[in-house]
Novice: 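This structure is in structure tokens; I'll ask about it shortly.
Note on naming: letters A, B, ... go to the chains in the order of the sequence lines (proteins, then strands), and numbering restarts at 1 for each one.
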Amino acid sequence: MEDKDLIAKLRNPDTKNYGFNLLIRTYQQRVYWHVRKMVIDHDDADDLTQEIFIKVFRHIDNFREDAQLYTWIYRIATNECLSFLQRKKRRFFLPIGDVAEELTQKLESASDISGDEVQLKLQKALLKLPDKQRIVFNMKYFDDLSYEEISKITDTSVGALKASYHHAVKKIEEYLEAN
Amino acid sequence: MKKLEDIPKKQIFTVPDRYFEELPSKIQDRITAKHQTPGFFERFKVSYTIALAALAILVILIWIPGQKKVTAEEMLASISTEELIAYLNDIDISDDELFDAIEFNTTDVEDLEDEVFRFEDSDIIILEELNDLPKDTL
């Protein structure tokens, strides 16, 4: 179903619930994995994913259709992830390093994470990056989004994104080499 | 040096069974629950409406009497000169008592003197004619 048809269903009170169900089924996996890669823990990712879709439901009338629907949803999801991680740091007065350490421990101990040593090392390397740089890296490397798409999601210039990504790659490779 | 491009892209995270089959209904249930549960303001709408109305009445009762008081000068200014003169003529007060009651400032005095000693041309002619009269005429 095209975006405009889905949006029309969402904006019609008679078909809003049906349209919303369709929207969730269309985008739930993309949203969930985008969030999960950032917060690591399944329960946190589950909560956040639900919150994201509730926000989409509440604000669909504000969607200006000047971007694609998934760009708008991705933007909400990105902001929710970053806000969540910020709140985590503030709640426990943790500096960045300690939150990264906590997430690293979840990587090592969680039963719902299965990967070989190299994959785990890559994830640990990613946790060394600042949150914004990490989320940009994930969108480029794992989700294969173009710089232009990421630019619309994060409201950052393509040039800045390219610089951020290449710097992230360099830091990851240095970490893999050292560990 | 290990290159990122040498590492295969793999999904290392897993989800519980049937997670994505059940997620849509979990979200829908949460939205329905939020709609049905009245929010804080909905629950207390009647109470706080009455409270606000009472507060508004209180404010009006205190505020209106505290409005700008009219000064004596403003009250006097609203009375016409003719009405004032008529009143002063009616009351039993001498000119001396009247002047004692008035607080003249320097400007008032100068204005009065100008008023008293202002001569029109016709007055000057009469004065000159009076000067020409023999002294014992007046």
Side-chain angles (χ1 to χ4, degrees), chain A residues 16-18 20-26 28-29 31-33 35-37 39-43 45-47 49-54 56-58 106-107 110-116 118-123 125-126 137 141-144 165 168-179, chain B residues 1-70:
Chain A
K16 189 168 188 175
N17 284 339
Y18 171 66
F20 186 56
N21 204 279
L22 275 178
L23 180 138
I24 297 171
R25 289 182 191 283
T26 307
Q28 63 177 343
Q29 293 212 36
V31 169
Y32 174 83
W33 292 119
V35 172
R36 181 76 189 269
K37 284 196 284 288
V39 305
I40 310 298
D41 180 75
H42 165 71
D43 291 331
D46 179 36
D47 271 342
T49 302
Q50 293 187 45
E51 280 300 325
I52 288 160
F53 279 108
I54 289 169
V56 167
F57 181 83
R58 276 207 207 116
K106 281 186 198 280
L107 264 180
S111 57
D112 53 2
I113 294 173
S114 65
D116 57 29
V118 170
Q119 295 294 332
L120 274 174
K121 220 186 266 189
L122 172 59
Q123 289 298 325
L126 288 174
F137 177 87
Y141 181 77
F142 289 110
D143 300 342
D144 280 324
Y165 180 77
V169 169
K170 196 166 165 228
K171 284 202 273 188
I172 291 163
E173 287 174 348
E174 282 170 2
Y175 179 89
L176 294 174
E177 187 64 28
N179 293 274
Chain B
M1 175 132 157
K2 271 210 180 76
K3 287 287 196 190
L4 187 61
E5 62 206 25
D6 298 332
I7 300 172
K9 287 186 199 178
K10 276 187 194 173
Q11 179 61 273
I12 66 165
F13 302 106
T14 61
V15 291
D17 286 342
R18 295 184 51 77
Y19 173 71
F20 289 114
E21 284 86 0
E22 291 165 6
L23 184 59
S25 54
K26 270 167 69 176
I27 296 169
Q28 294 273 30
D29 288 346
R30 270 181 77 165
I31 288 172
T32 311
K34 277 183 193 279
H35 274 277
Q36 284 172 353
T37 308
F40 176 83
F41 289 110
E42 269 301 311
R43 269 182 275 147
F44 295 100
K45 199 158 71 170
V46 173
S47 308
Y48 77 71
T49 305
I50 292 170
L52 274 174
L55 188 64
I57 291 166
L58 205 63
V59 165
I60 290 165
L61 286 174
I62 292 168
W63 180 67
I64 286 177
Q67 277 304 284
K68 183 183 158 184
K69 289 185 169 53
V70 178

Novice: So does D17(B) have more than 12 non-hydrogen atoms from other groups sitting under 6.0 Å from CG?
Specialist: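 Atom CG in D17(B) is not packed in, count stays at 12 or less.
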
Novice: Should the pair Y32(A) and H42(A) be assigned to parallel (<30°), tilted (30 to 60°) or perpendicular (>60°) ring geometry?
Specialist: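 Taking H42(A) first and then Y32(A), their aromatic rings sit tilted (interplane angle of 30° to 60°).
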
Novice: Taking side chain as everything from C-beta outward and backbone as N, CA, C, O, which of these in D41(A) sits under 4.5 Å from a heavy atom of chain B? Side chain, backbone, both or neither.
Specialist: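 Contact with chain B involves no heavy atom of D41(A) at all.
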
Novice: Under 4.5 Å, counting heavy-atom pairs only, tell me which of I40(A), I172(A), L122(A) racks up the most with chain B.
Specialist: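 If we count pairs closer than 4.5 Å to chain B, I40(A) comes out on top.
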
Novice: Does R18(B) pair with E22(B) as a salt bridge, N-O distance under 4.0 Å?
Specialist: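 A salt bridge links R18(B) with E22(B).
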
Novice: For Y19(B), does the six-membered ring have the charged nitrogen or CZ of K26(B) within the cation-pi criterion, i.e. under 6.0 angstrom from the centroid and within 45° of the normal?
Specialist: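 Not flagged: K26(B) not positioned over aromatic ring of Y19(B).
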
Novice: Looking at L23(A), L176(A), N21(A), V118(A), which has the largest count of heavy-atom pairs under 4.5 Å with chain B?
Specialist: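 Option with the top pair count is N21(A).
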
